[in-house]
Amino acid sequence: MILEKTSKFLSKVKISGGGRCNVTHDCLDNTALVSNYPRGNKALKQAFARFNVQGTINWFKENNVDLKLEADGRMFPASNSSDTIVDCFLQLAKKLNITIQTNCEVFAIKKTDSLFKIKTSLSEMEADAVFCCIGGHNNLGHYQFLINLGHKIKEPKPSLFTFNLTKHRINKELQGIATKNASVKLHEKKTEVSGPLLITHWGFSGPAVLKLSAFEAEYFFEKNYNCTFSINWAYPLKPAAVEEALFLHQKNNLKALPYTKSQFAMPQRLWEFLCNEVEIINDKPWQEINKKSILKLAELLFNHKFEMQGKTTFKEEFVTCGGLELNEVDFKTMESKLHKNLFFCGEVLDIDGVTGGFNFQNAWTTAWIAANNFTIIKN
Ligand SMILES: Cc1cc2nc3c(=O)[nH]c(=O)nc-3n(C[C@H](O)[C@H](O)[C@H](O)COP(=O)(O)OP(=O)(O)OC[C@H]3O[C@@H](n4cnc5c(N)ncnc54)[C@H](O)[C@@H]3O)c2cc1C
């Protein structure tokens with residue numbers, strides 16, 4: 001029996017991936033796969049040895065759902081609709097005679113010698129095994145019944161968010177501009193993350209920003225989302241290489257105007273904006289631009305500093321950093337080390353991944369392991 005507190009079953013799957021459900025990521029090497037989980041990667045390595053991305057692809061295929069691969073590695077149902085995934089689970093539940101009880105919130109679970117007594121918003125019931133798949137939440141109250149069972153919860157905090165700036169010229173002038181490969185750095189933490197970056201009307205978004213928000217979710221929380229970060233627009237070049245490239249470009253383009261051709265594969269408007277920031281304007285050719293200005297441009301290109309002032313929840317995917325402490329779960333079975341026949345799967349655990357299908361992969365893997373172990377107990 002499935003107890004669901006809302007009126008809808010699988011509502012997150014339905015809205016996931018912009019309504020397409022990014023089921024998993026084309027990453028068949030488990031070592032590479034775990035590097036996408038800021039929290040829980042060690043425990044998942046063990047779990048992925050039993051059920052990984054290939055397991056997910058096979059499982060869906062066996063259940064008549066073909067997945068398709070996109071250029072960036074994300075995998076979606078071939079139908080391009082999350083309804084395919086929702087229907088797949090609903091049909092299976094029907095076939096297996098599983099009752100889905102909606103509008104039924106679990107308030108408390110008590111363990112007696114051999115049974116669990118479950119208090120819900122509808123009634124009290126008993127079960128000989130419980131799978132706890134309540135997802136993540138930024139409010140500790142969400143986990144209260146697990147705390148009452150003696151489990152420890154690592155304080156939940158948001159992960160996967162975009163950065164806000166206050167009234168910066170870059171947002172006014174360049175909103176909507178994306179660059180394919182920049183890096184975002186937190187100097188204090190010596191963390192640098194690279195990837196596509198999007199300038200929004202409120203700050204920065206895109207995979208590089210979301211990835212940094214995930215890997216440093218706890219640091220951002222401590223700083224109350226106010227801290228300095230910097231962007232290397234010329235990534236992967238290091239400072240000396242940026243300077244060298246600019247001087248070489250000057251040497252080879254003495255008569256050309258600086259705006260003529262954007263450098264470091266960045267959008268033209270971004271290049272013009274950065275030149276403008278260091279007062280390199282388009283009325284003098286490169287030969288008239290002095291060394292000091294070029295060094296200033298190089299500094300801006302590899303170390304453009306910004307003040308983060310708050311965050312914005314990412315519209316397509318947000319997850320919780322924190323949750324049930326992993327050392328209280330046996331990852332061979334997903335069973336609680338405190339209570340026999342109590343299992344945990346998915347985001348309730350202190351596991352979260354970056355965007356791209358990794359969070360569902362955690363849910364599929366941990367659920368598969370728990371479900372298979374449960375079968376053994378029932379037999
Ligand atoms: C908008 C959005 C889009 C996303 N898109 C993607 C994506 O495309 N790919 C990806 O990999 N990840 C995505 N994610 C993350 C992914 O959805 C989650 O990591 C995943 O759903 C976690 O699965 P879960 O079963 O652990 O929890 P959930 O999917 O959150 O399910 C938990 C369920 O338990 C119910 N529940 C909670 N407490 C109780 C209670 N006390 N009693 C009864 N029922 C309860 C909830 O109502 C909910 O239905 C997205 C997240 C969001 C918010």
Side-chain angles (χ1 to χ4, degrees), residues 1-27 33 36-40 44 53 56 67 70 72-77 80-82 84-86 89 100-109 118-123 125 127 130-149 153 156 158-161 207 210 214 313-324 329 334 343-368 370-371:
M1 183 174 206
I2 296 173
L3 310 179
E4 166 55 52
K5 74 172 174 183
T6 68
S7 59
K8 286 190 191 105
F9 182 52
L10 293 173
S11 57
K12 238 193 220 176
V13 173
K14 170 105 178 134
I15 58 165
S16 67
R20 295 199 298 142
C21 186
N22 179 189
V23 174
T24 187
H25 202 94
D26 179 31
C27 186
L33 184 60
N36 293 286
Y37 295 86
R39 284 149 292 272
L44 277 180
V53 172
T56 301
L67 300 182
E70 302 219 327
D72 60 3
R74 292 180 302 160
M75 299 190 79
F76 294 87
N80 242 346
S81 168
S82 58
T84 306
I85 306 297
V86 173
F89 287 123
I100 298 171
Q101 183 65 64
T102 50
N103 298 308
C104 182
E105 179 167 3
V106 173
F107 294 133
I109 301 180
I118 305 167
K119 194 174 168 193
T120 78
S121 50
L122 294 181
S123 62
M125 47 188 94
V130 172
F131 284 57
C132 181
C133 329
I134 57 167
H137 204 288
N138 292 336
N139 182 346
L140 202 58
H142 178 77
Y143 307 86
Q144 193 55 51
F145 68 85
L146 297 178
I147 297 171
N148 295 346
L149 272 169
I153 304 295
S159 181
L160 295 181
F161 46 84
L210 292 167
T313 303
F314 183 52
K315 64 178 186 312
E316 283 186 352
E317 189 174 335
F318 51 88
V319 290
T320 305
C321 147
L324 192 101
V329 179
M334 299 316 299
F343 298 84
F344 295 100
C345 339
E347 215 184 300
V348 64
L349 296 156
D350 180 21
I351 296 179
D352 57 278
V354 299
T355 52
F358 301 102
N359 285 300
F360 276 140
Q361 185 58 53
N362 164 43
W364 313 138
T365 293
T366 47
W368 186 90

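In each ligand, atom 1 is the first atom listed, and ligand 1 is the first ligand listed.
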Ligand 1 to N359, heavy atom cutoff 4.0 Å, flagged ligand atoms 11 (O), 12 (N), 15 (C), 19 (O)
For ligand 1, which atoms, with element, lie under 4.0 Å from some heavy atom of K12? 17 (O), 21 (O), 29 (O), 30 (O), 53 (C)
Going by the 4.0 angstrom heavy-atom rule, the piece of F318 near ligand 1 is both
Taking the side chain as everything from C-beta on, heavy atoms only, tell me whether L324 gets closer than 4.5 Å to Y143. no
Out of I134, V354, T102, who is nearest to atom 39 (C) of ligand 1 when you count heavy atoms only? I134
I want to know if ligand 1 touches V319 in the polar sense, i.e. an N/O pair below 3.5 angstrom. no
Below 4.0 angstrom from a heavy atom of H142, which ligand 1 atoms are there? Numbered from 1 as shown, please. 37 (C), 38 (N)
Tell me whether the rings of F358 and H25 are parallel (<30°), tilted (30 to 60°) or perpendicular (>60°). parallel
Within-cut-off N or O pair, A363 and ligand 1, under 3.5 Å: no
Is it the case that the side chains of E4 and T102 hold a donor-acceptor pair, with the cut-off being a distance below 3.5 Å and no angle test? no
How long is the straight-line distance from SG of C21 back to CZ of F76, given to the nearest 0.5 Å? 8.5 Å
Looking only at distances, can you tell me whether any N or O atom of E105, backbone or side chain, sits closer than 3.5 Å to an N or O atom of ligand 1? no
Which atoms form the tightest heavy-atom contact between F131 and A371, and what is the distance? CE2-N, 3.7 Å
N/O separation below 3.5 Å, V106 to ligand 1: yes
Contact between F9 and ligand 1, counting heavy atoms under 4.0 Å? no
Give the atoms of ligand 1, by number and element, whose distance to some non-hydrogen atom of N22 is under 4.0 Å. 7 (C), 8 (O), 9 (N), 10 (C), 11 (O)
In ligand 1, which numbered atoms sit nearer than 4.0 Å to a non-hydrogen atom of I15? 1 (C)
Which segment of D352 sits under 4.0 Å of ligand 1 when only heavy atoms are counted: neither
I'd like to check which ligand 1 atoms, numbered from 1 as shown, lie under 4.0 Å from a non-hydrogen atom of E347. 18 (C), 19 (O), 20 (C), 22 (C), 26 (O)
With no hydrogens and no angle check, do the side chains of N22 and R74 hold a donor and an acceptor under 3.5 Å apart? no
is_close_aromatic(W364, F89), centroid dist under 6.0 Å: yes
Considering all heavy atoms, the nearest V348-C345 contact: CG1-O, 3.4 Å
Donor on one side chain, acceptor on other, E105 and T120, under 3.5 Å: no
Contact summary for S159 and A214, nearest pair of heavy atoms: OG-CA, 3.2 Å
Per-residue contact class, Q361 against ligand 1 - non-hydrogen pairs under 4.0 Å: neither
A student checking ligand 1 against T6 at a 4.0 Å heavy-atom cut-off should list atoms 47 (O)
Is it true that R20 and E70 have a side-chain N and a carboxylate O under 4.0 angstrom from each other? yes
Which of the numbered atoms in ligand 1 are under 4.0 angstrom from any heavy atom belonging to C133? 32 (C), 33 (C), 34 (O)
Quick look: C104 vs ligand 1, heavy-atom contacts under 4.0 Å, and the answer is backbone
